[in-house]
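Notes to accompany the following structure.
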Number of protein chains: 2
Amino acid sequence: MSEVEGQREHTASLAHRVPDLAALELLLAVARLGSLGAAAREVGITQPAASSRIRSMERQLGVALVDRSPRGSRLTDAGALVTDWARRVVEAAAAFDAGARALRDRRDSRLRVAASMTIAEYLLPGWLLALHAARPDTAVSLLAGNSAKVAELLLSGEADLGFVEGLSVPTGLDSVVIAHDRLIVVTAPGHPWARRRRPLGAEELAATPLILRERGSGTRQVLDAALGGLARPLIELSSTTAVKASAVSGAGPSVLSELAVGEELSMRRLVSIPVEDVSLRRDLRAVWPKGHRPTGPARELLSLTRG
Amino acid sequence: MSEVEGQREHTASLAHRVPDLAALELLLAVARLGSLGAAAREVGITQPAASSRIRSMERQLGVALVDRSPRGSRLTDAGALVTDWARRVVEAAAAFDAGARALRDRRDSRLRVAASMTIAEYLLPGWLLALHAARPDTAVSLLAGNSAKVAELLLSGEADLGFVEGLSVPTGLDSVVIAHDRLIVVTAPGHPWARRRRPLGAEELAATPLILRERGSGTRQVLDAALGGLARPLIELSSTTAVKASAVSGAGPSVLSELAVGEELSMRRLVSIPVEDVSLRRDLRAVWPKGHRPTGPARELLSLTRG
DNA sequence: CCTCGCTCATAAGACCAGCTTATGCCCTCA
DNA sequence: TGAGGGCATAAGCTGGTCTTATGAGCGAGG
């Protein structure tokens, strides 16, 4: 039966083929410390547990990862590669954790951040990790919403620092531009546009039905403004995620923040279509109540975002 | 040691705070399908199992993720954010899986790829995912080594397509440049260089002891060539990973491929120091035995890498 | 030369997390 | 008003993973 099982590999989910996070962290510890036992101590398990965990990982992957010797363990070549790929997974998990933590500690945190969706999704976890590295004892809480909501939270004193993307700064707030974002036209690699030689024109873009966020979203506002209110929806979806999934599946072209599609582009699940004559840049701004310059942890976070 | 180690007191490891991959995949399925039951069917478990898994995830994170109603489940605002962060983790896991799979199927694969370490670590998993999307039935195997090893594998017929980074093309091979890589100078954010106004000059770089890979590595070769063989090592380490860890911990400045430090830069664990008068670009090339133009799956993979 | 100290491996048993099956309630739609 | 889809709860089982206890290889130092 177990040979038949091999055929089902396609259907088995990732979770069955990828070691769990604890195992990946253990592998990183082994790589760094050069010994199973030392790695075991670091992650708080016994040496036999570590030995068995690494061994079952090697079985699962079908590759020898470490060279064990009576005076330590070193990574094999394959192990070095696997460790590096594992590090990416662990880093993504650390970002997840930083975000989730901020989301949970809604109440009594020292630094309460309000951010628009795109920024909260794609940039904030990284900033939080950096902040944690610089000031480990700063507890951050996160509230997400659109620009109006961010302004409201700041003005009512429920948030200390805000981040918005969009064309204008809400009244009553001071701001500084911390980065730029560009909306880009994307399609699945199979779409005819993916093979175009010449950039897309504004009229052609406006004339083509697109997969879009709903009216009122920041992304949609910028696009409508750039095209003069003309964007034709093929489908309207209520989350960036849903829009991406739809575009990846080949339903049609879409316009999305470049922040949102970085991974998809680098993995070639989506391709970017050059556009001319359309300005799809927008500013990302940090904002705070007029006159109340950020201080303390807010200032610290702000300084981290200006890279 | 990393300072993270010091504060292990109540900071349980990531694995205890981040749901496992199966749970994250389930969450993605719920987001996509709008129902716990449907998501459960998709990932091959029963509805109560899914319900309980999501619930324990909400407990673990301390945040409500889905609004359950008698006619389905929708993500809460926080749930939408968490789902997006979860997607990053799952994508990293997918890249891990693609790489590991290629590493395992060393033998009878239809496409045998030989790649230098940097490319194998940072670029290949993404390409493999893209290839898998385009040609799901292509089995790929991966052999990693330095340029000479790649050339040897190609010439002896043990590999169909190779990827190398470096200054020259091994003899006997044809090549095409598929991308460029740049070596960049990085330090921990606390280093004095991080606050420089003016770019670093070549002499200053050559005069400063750096954290480096060992002599003979591709990275080191390029740096030595650019500086005229003058690079002064502060520490010499045998893996990119070790160099990065050392730089992050603040041991000193280092010179690394921008491919290797993307995450560190975006998370601000490292900062990039501008340099002038030094050419640290290098070509990344696909290579194959002279005369034998890639065909079939090799050609397919090649076309994916030229984005 | 022997013993200590480090390494890793193996075996046996305990434990706990998560699954399945079996139900029940709620809501909507025909 | 009954059918169907949606979610929650309860009880029991299974399996993986941990721990403790032990053995064996290798190197350094008295």
Side-chain angles (χ1 to χ4, degrees), chain A residues 1-2 5 8 11-61 63-76 79 83 86, chain B residues 8 12-61 63-76 79 83 86:
Chain A
M1 265 310 139
S2 62
E5 243 235 308
R8 256 195 322 170
T11 33
S13 73
L14 269 185
H16 296 148
R17 290 180 321 225
V18 177
D20 64 33
L21 277 174
L24 299 181
E25 287 191 285
L26 176 63
L27 179 63
L28 296 185
V30 171
R32 182 154 34 84
L33 301 172
S35 140
L36 293 189
R41 280 191 296 280
E42 179 171 281
V43 307
I45 60 178
T46 59
Q47 172 268 319
S51 178
S52 137
R53 224 171 208 306
I54 295 285
R55 187 171 295 286
S56 73
M57 204 159 144
E58 291 178 314
R59 254 204 323 276
Q60 183 178 25
L61 300 178
V63 172
L65 299 175
V66 301
D67 267 338
R68 303 122 200 273
S69 87
R71 62 182 187 292
S73 297
R74 296 206 61 72
L75 293 178
T76 62
T83 300
Chain B
R8 231 180 353 155
S13 79
L14 268 187
H16 296 148
R17 290 180 321 222
V18 177
D20 64 33
L21 276 174
L24 299 181
E25 287 190 285
L26 177 63
L27 179 63
L28 296 184
V30 171
R32 183 153 32 83
L33 300 171
S35 139
L36 294 188
R41 281 191 296 280
E42 179 170 282
V43 307
I45 60 177
T46 60
Q47 172 266 318
S51 179
S52 135
R53 224 172 207 307
I54 295 286
R55 186 170 296 287
S56 72
M57 204 159 143
E58 291 178 315
R59 250 203 326 274
Q60 183 178 25
L61 301 178
V63 172
L65 299 175
V66 302
D67 267 337
R68 302 122 201 273
S69 88
R71 61 182 188 293
S73 296
R74 296 206 63 71
L75 293 178
T76 61
T83 301

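Every chain is numbered from 1, with letters handed out A, B, ... down the list of sequences.
When each of B:G37 and A:S52 is assigned the nucleotide of DNA chain D with its nearest heavy atom, B:G37 is the one assigned upstream, toward the 5' end.
In this structure, the CD1 atom of A:I45 is 12 Å from the P atom of C:dC8, given to the nearest Å. Rounding to whole angstrom units, CZ of residue A:R74 and C1' of C:dC8 are separated by 16 Å. For the pair A:I54 CD1 and C:dT7 P, the computed distance is 15 Å after rounding to whole Å. Taking atom CG of residue B:D20 and atom P of nucleotide D:dG16, one finds them 15 Å apart after rounding to whole Å. Per the geometry, NE2 belonging to B:H16 stands 11 Å off C1' belonging to D:dC18, to the nearest Å. When the C1' atom of D:dG23 is taken as reference, atom CD of A:Q47 falls 12 Å away, rounded to whole Å. Straight-line distance from the CG atom of A:L36 to the P atom of C:dT10: 12 Å, rounded to whole Å. Here the P atom of nucleotide D:dC7 and the CZ atom of B:R68 are 9 Å apart, to the nearest Å.
The phosphate of D:dC7 has neither OP1 nor OP2 within less than 4.0 Å of any side-chain N or O from B:S51. Of the side-chain N and O atoms in B:S35, one or more sit less than 4.0 angstrom from OP1 or OP2 of D:dC7. Side-chain nitrogen and oxygen atoms of B:R71 include none within less than 4.0 Å of the OP1 or OP2 phosphate oxygen of C:dC26. One finds no side-chain N or O of A:S69 lying less than 4.0 angstrom from the OP1 or OP2 phosphate oxygen of C:dT7. Within the 4.0 Å cut-off from OP1 or OP2 of D:dC7, at least one side-chain nitrogen or oxygen of B:S73 is found. Distances shorter than 4.0 Å separate some side-chain N or O of A:T46 from OP1 or OP2 on D:dT19. Of the side-chain N and O atoms in B:R53, none sit less than 4.0 angstrom from OP1 or OP2 of C:dA17. Remark: A:R55 is in phosphate contact with C:dA9, judged by side-chain N or O atoms under 4.0 Å from OP1 or OP2.
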Donor-acceptor contacts, no H, no angles, side chain residues 41-48 of chain B, under 3.5 Å, sequence neighbours left out:
residue: B:E42; atom: OE1; partner: B:R32; partner atom: NH1; Å: 3.4
residue: B:E42; atom: OE2; partner: B:R32; partner atom: NH1; Å: 3.3
residue: B:E42; atom: OE2; partner: B:R32; partner atom: NH2; Å: 3.0

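Of the inter-residue distances, the one linking B:R59 atom CZ with B:L65 atom CG reads 12.0 Å to the nearest 0.5 angstrom.
B:S35 places no side-chain N or O within 3.5 Å of a backbone atom of B:S73 that could act as its donor or acceptor partner. Side-chain N or O atoms of B:E58 include one that pairs as donor or acceptor with a backbone N or O of B:V66 at under 3.5 Å.
You'll find that the side chain of A:P48 is closest to C:dT10, out of C:dT7, D:dA8, C:dT10.
Few gaps surround CZ on B:R68; more than 12 heavy atoms of other groups in view lie less than 6.0 Å from it.
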